[in-house]
Amino acid sequence: MHPLTGTAADLVWLLPLLPFLGFVANGWLSLRGAVRARVTAHPTRLETEGSRHPQFTLVNVIGVGSVVAAFGVAIAVFAALAGAPDAAGPYVQTYGSWLPSGDLRVDWAFQVDRLSMVMALIVTGVGALIHVFSVGYMADDPGYPRYFSYLNLFVFFMLTLVLGASYAVIFVGWEGVGLASYLLIGFWFSETRNADAGKKAFIVNRVGDFGFLIAMFLLWANLGTLDFREVAQRVPELAAGGGLVTAICLFLFLGAAGKSAQMPLYIWLPDAMAGPTPVSALIHAATMVTGGVYLVARSADLFAIAPVASLTVVVVGAVTAIFAAVIGLKQWDIKKVLAYSTVSQLGMMFVAVGSGAYVAGLFHLVTHAFFKALLFLGAGAVIHALHHGYHAVHDETSDAQDLRLMGGLRRRMPVTFALMWIATLAIAGVPPLAGFFSKDEILASVFRQAGGSALAQATWLGIPGSVVLGTAYAILLVTALLTAVYMTRLMRYAFHGPSRVPGDAAAHVAESPWVMRGPLVVLGALTVAGGWLNLPALLPLGPVGTLEHWLAPVTGRGAAVLAAGAPALGHGTEQALVGVAVAVALAGIAIAWVVCRPDAVPAPDAPAPTSGFGWLLSNKFFVDEAIEALIVAPLVKVSRLVLWRGIDLGVLDALFVRGPGALTRGIGWAGTRLQSGLVGTYVWVIAIAVLAVLGLMLLMK
Amino acid sequence: MTWTAAGVQLAHFWIFGAIAIASALLFVTRRSPVAAALWLVNTMFCLAALYVLLEAPFVGAVQVLVYAGAIMVVFLFVVMLLNLGRDDARLDLREPGVRGAALLVGLLLAVELVVASRTPAEATAPLPAAEGTNVVAPVARALFTEHLVAFEVTSVLLLAAIVGAVALARRESPASRGPAVPEGPAA
Amino acid sequence: MIGASLFVSAVLFAIGVGGVLVRRNAIMLFMCVELMLNAVNLSFVALSRLHGVTGQVVVIFVMTVAAAEAAVGLAIIISAFRHFKSADLADIRLLGG
């Protein structure tokens, strides 16, 4: 008898069900509205500015209410779980059999354990805040119910992802969030650019999903199960460090890299900014993109015995972190800066989980969810305000997201301004904000692991693990510096200095309504206080290492394997590390403050640099172009010339479409020749046939 | 061969059989349709005799009445009606090459059929011939009990044939609605 | 005697087939078919000595059907002759492809 039986944990099925019901109800409202209006075309936002959907209140009650209720359930389940003893294993609730096929047995099952409930709290908590924010942000949108039904659908699938008790159930949520992401990126689908961005996200994610599927096949073929509990039990059957477990982990990581936008599959995330800004905050910053980190942490037992795969995660994470940070330096679209920042921060998380510091990675995941959601929502508030400003002066050409057309907003939007600065300091790693603690823990963990852990003794492509980890530490430090730089640059250009808003629009820019400011304030509070979740022993401002103790039953084993033999850091070393991290953050802020002078902002139509590093940077290192030229173009060419012209038209059509046609016509032609209408001929044919058949029968007797 | 009853019977059989085959050959090779038809009548008479020798005198009688008497008369009637007996530029027989091929096919078929019909059944004792003079009774019994349905259906078939023949052979033009070609199957 | 009957029957049938192959007049073809029917009848009668009276019954049915066939067939020939002014089958090829 599990100690959670009969407690609130039995209600875990309500968690995904509530958003799903919201999705159905709002979807129905949306479809009904479309039928009633007899239009399926999507009116532009400008056309409907100031007018609200007829069922505005009902949609809010359903859309926001369902997620808030789910958050309540999550708290209740979390409380029940917190009351259970540490030794109590995961509480698995099975609701039915899904794939009973031969030896394969996959159940619809949810798993309540410490990791899944942390994730569920983030998803429903941050999700609820962003739903509330959306009420204000999307109020004028004609597709209002559709928006909330998609958003609820996303929460439903995301909860399925984090609560699933097996890789197969996770995969359902994994694909589902991909679908919801696609729908929301292309929410304003009447513009081709947005629809294309949705497609790009979906297709790039397919590459990762392929890896996930292969990993599942390998797991099933070798362990005979996809269930987390059973996989954990049977991990010792796999040869530690062997090719098989390395392959499984690498394929799992390919899936994670697709979902979490790592090199080289990160290209979809900046384009995903085509969706509404709250969507970017919820899906493309706080929750969905962290699914890959969650997956690696969930598979900690597997990664622990595959040091090569773990080091691969570190390498990819580190490269992604610095690469995206560098690109983020030169972006002018406020959302693109945040998008590259997200990619970079996800890279940091992967370095953490790859180096076996699962708690540090998840800790950063949690704090990042707070401050990045805050940054995105703040940016959303800015865009919203500017949009209204432009609308008031009938300016329909200026881009509300261009940093070059902002400036001086701090006087117009003081609350947003203050909260954005808090989040900026947090992401830069300034104490005592949440980001400082989590980033510092990642840096310290990587440094510690580099000093002689089991992972440091492994080799990656011939390079010693200690070198890989040491380099990763250095890269992360540089990334931290760059993070501080590009975030300060964003703040400086958006809020400080004189206004560069064209025309009189600036006069109409005002602080957003409370329904949008409220969630910002809550997230601001979380950004300040989030660090207390897992205080380091160095700064005992409260209970130390809460999250670490909490997650120990889930990731503790894997972390212990990879960290085996790592020397404990001395107090002095630790203080030095913290000092370096803080110094780097402050240096970054100072550099940006000096370099990014608002009076030096180029005009939006100024030509981009045509040579040198700036040229590379403004073109994002030509990664998109390289992928286009190396993969997409050959693929299209091969598809067109070989598959379409060659195989489809040449072989399939000729052999199976036109071939049988020609054959039938030929037989028909021969038949008409045979059908002379002359009885004499027929008689001859019959007689000779009889002769032949009779002769054959006699010969065979 | 001794002069037993069976020996005499067999001798008769071969005589009539030879005449039947000879008449058939003549029938096939005559140019004039009328002559050919008459040779066919001869073959049928011979067959009737063979039936009698095979202890099926009723069938023999019917053969004479129906085939030789009725059907062949109708054939002759049509031949004369259509005036096919006259000399025609086109021979009724095909070209010599075709004739040779037909001869070959016929011979081959005959050989095959003879080989195929060489049955060891002769060894089994023949059924005891019906004693007395009443040779019709067994046929009648079988016809009106076991095969009654088929018999009745045949009568419908004949009716349909009569109607069909009249309808088909009527003059096409409704204006010249003369008497239909007088013909009818005899049964 | 049954073997002899089957021999005669086979030869007559083959002659009938040869006739069908060599003739071109519709009525003559018809008569050749009748000869083939008669050949088969002979087999039936001969084998009825072995297998009972059913063979003779079948012969009676064959004769009936032959009569019906003759009636309809000859009527068709008359019709065709009226139309084509010929009973030569080489002239009648309405069903040609």
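Every chain is numbered from 1 and lettered A, B, ... according to where its sequence line falls, protein lines coming before strand lines.
Surrounding CZ of C:Phe44 are at most 12 heavy atoms belonging to other residues, nucleotides or ligands under 6.0 Å away. For C:Phe30, the CZ atom sits in a packed shell: over 12 heavy atoms of surrounding residues, nucleotides or ligands are nearer than 6.0 Å. Other residues, nucleotides and ligands contribute at most 12 non-hydrogen atoms within 6.0 Å of the NE2 atom of B:His12.
If you take CG on C:Leu74 and CG on B:Leu168, they are separated by 11.0 Å, rounding to the nearest 0.5 Å. The CZ atom of C:Phe7 sits 5.5 Å away from the CD1 atom of B:Ile21 when rounded to the nearest 0.5 Å. For the atom pair SG of B:Cys46 and CG of C:Leu42, the computed distance is 11.5 Å after rounding to the nearest 0.5 Å. With rounding to the nearest 0.5 angstrom, the CZ atom of B:Arg31 is 13.0 Å from the CE atom of C:Met28. B:Ile71 contributes atom CD1, which lies 12.5 Å from atom CE of C:Met31 (distance to the nearest 0.5 angstrom). Atom CG of B:Leu113 is separated from atom OG of C:Ser9 by 8.0 Å, given to the nearest 0.5 angstrom.
The two residues B:Arg170 and C:Arg82 make their nearest non-hydrogen contact at O-NH1, 2.9 Å. Of all heavy-atom pairs spanning C:Ala68 and B:Leu158, the tightest one is CB-CD2, 4.1 Å. Listed here is the closest heavy atom pair of B:Ala142 and C:Val57: CB-CG2, 3.7 Å.
Qualifying side chain to side chain contact (heavy atoms under 4.5 Å, CB included) partners for C:Ile60, counting only residues two or more places apart in sequence or in other chains: B:Phe58, B:Val139, C:Thr64.
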Can you list the steps and then say if B:Val59 with C:Met63 is a side chain to side chain contact (heavy atoms under 4.5 Å, CB included)? CA-CA 10 Å; B:Val59 177; C:Met63 286 180 187; 4.1 Å; yes

For B:Tyr51 and C:Gln56, run side chain to side chain contact (heavy atoms under 4.5 Å, CB included): C-alpha distance rounded to whole Å, both residues' side-chain angles, the deciding distance at 0.1 Å, then the answer. CA-CA 10 Å; B:Tyr51 293 163; C:Gln56 298 183 33; over 6 Å; no

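In this structure the side chain of B:Tyr67 reaches within 4.5 angstrom of the side chain of C:Leu37, judged on heavy atoms. When side chains are defined from C-beta on, C:Val53 does not count as touching B:Arg141, because their heavy atoms never get closer than 4.5 Å. Annotation: side chain of B:Val153 is not in contact with side chain of C:Phe61 (no heavy-atom distance under 4.5 Å).
When the candidates C:Ser43, C:Gly19, C:Ser5, C:Gly73 are compared by the number of heavy-atom contacts under 4.5 Å with chain B, C:Ser5 comes out ahead. Ranking B:Thr43, B:Val98, B:Val114 against chain C, the residue ahead of the rest is B:Val114, based on heavy-atom pairs under 4.5 Å. Listed options B:Ala18, B:Ala56, B:Ala36 were ranked by heavy-atom pairs under 4.5 angstrom with chain C; first place goes to B:Ala56. The most heavy-atom pairs under 4.5 Å with chain C, out of B:Ala101, B:Ala150, B:Ala110, B:Ala160, come from B:Ala150. The candidate with the highest count of non-hydrogen atom pairs below 4.5 Å against chain C, out of B:Ser155, B:Gly106, B:Ala37, B:Ala102, is B:Ala102. Among the candidates C:Val17, C:Leu21, C:Asn38, C:Leu12, the residue making the largest number of heavy-atom pairs closer than 4.5 Å to chain B is C:Asn38. Between chain C and the options B:Leu109, B:Leu103, B:Leu108, B:Val105, the largest number of non-hydrogen pairs under 4.5 Å is found for B:Leu109. Interface remark: of the candidates C:Ile76, C:Leu35, C:Thr54, C:Leu35 forms the most heavy-atom pairs closer than 4.5 Å to chain B.
Only the side chain of B:Leu50 comes within contact range of chain C, with heavy atoms under 4.5 Å apart. Of the two parts of B:Ala140, neither the backbone nor the side chain holds a non-hydrogen atom closer than 4.5 Å to a non-hydrogen atom of chain C. With a 4.5 angstrom heavy-atom cutoff, C:Val65 touches chain B via backbone and side-chain atoms both. Both the backbone and the side chain of B:Leu25 have a heavy atom closer than 4.5 Å to some heavy atom of chain C.
Between B:Val79 and the options C:Ile77, C:Ile27, C:Asn25, a side chain to side chain contact (heavy atoms under 4.5 Å, CB included) holds for only C:Ile27.
No side-chain donor-acceptor contact under 3.5 Å links B:Arg99 to the backbone of C:Val22.
Remark: the B:Gln63 side chain and the C:Asn41 side chain contain no N/O donor-acceptor pair separated by less than 3.5 Å.
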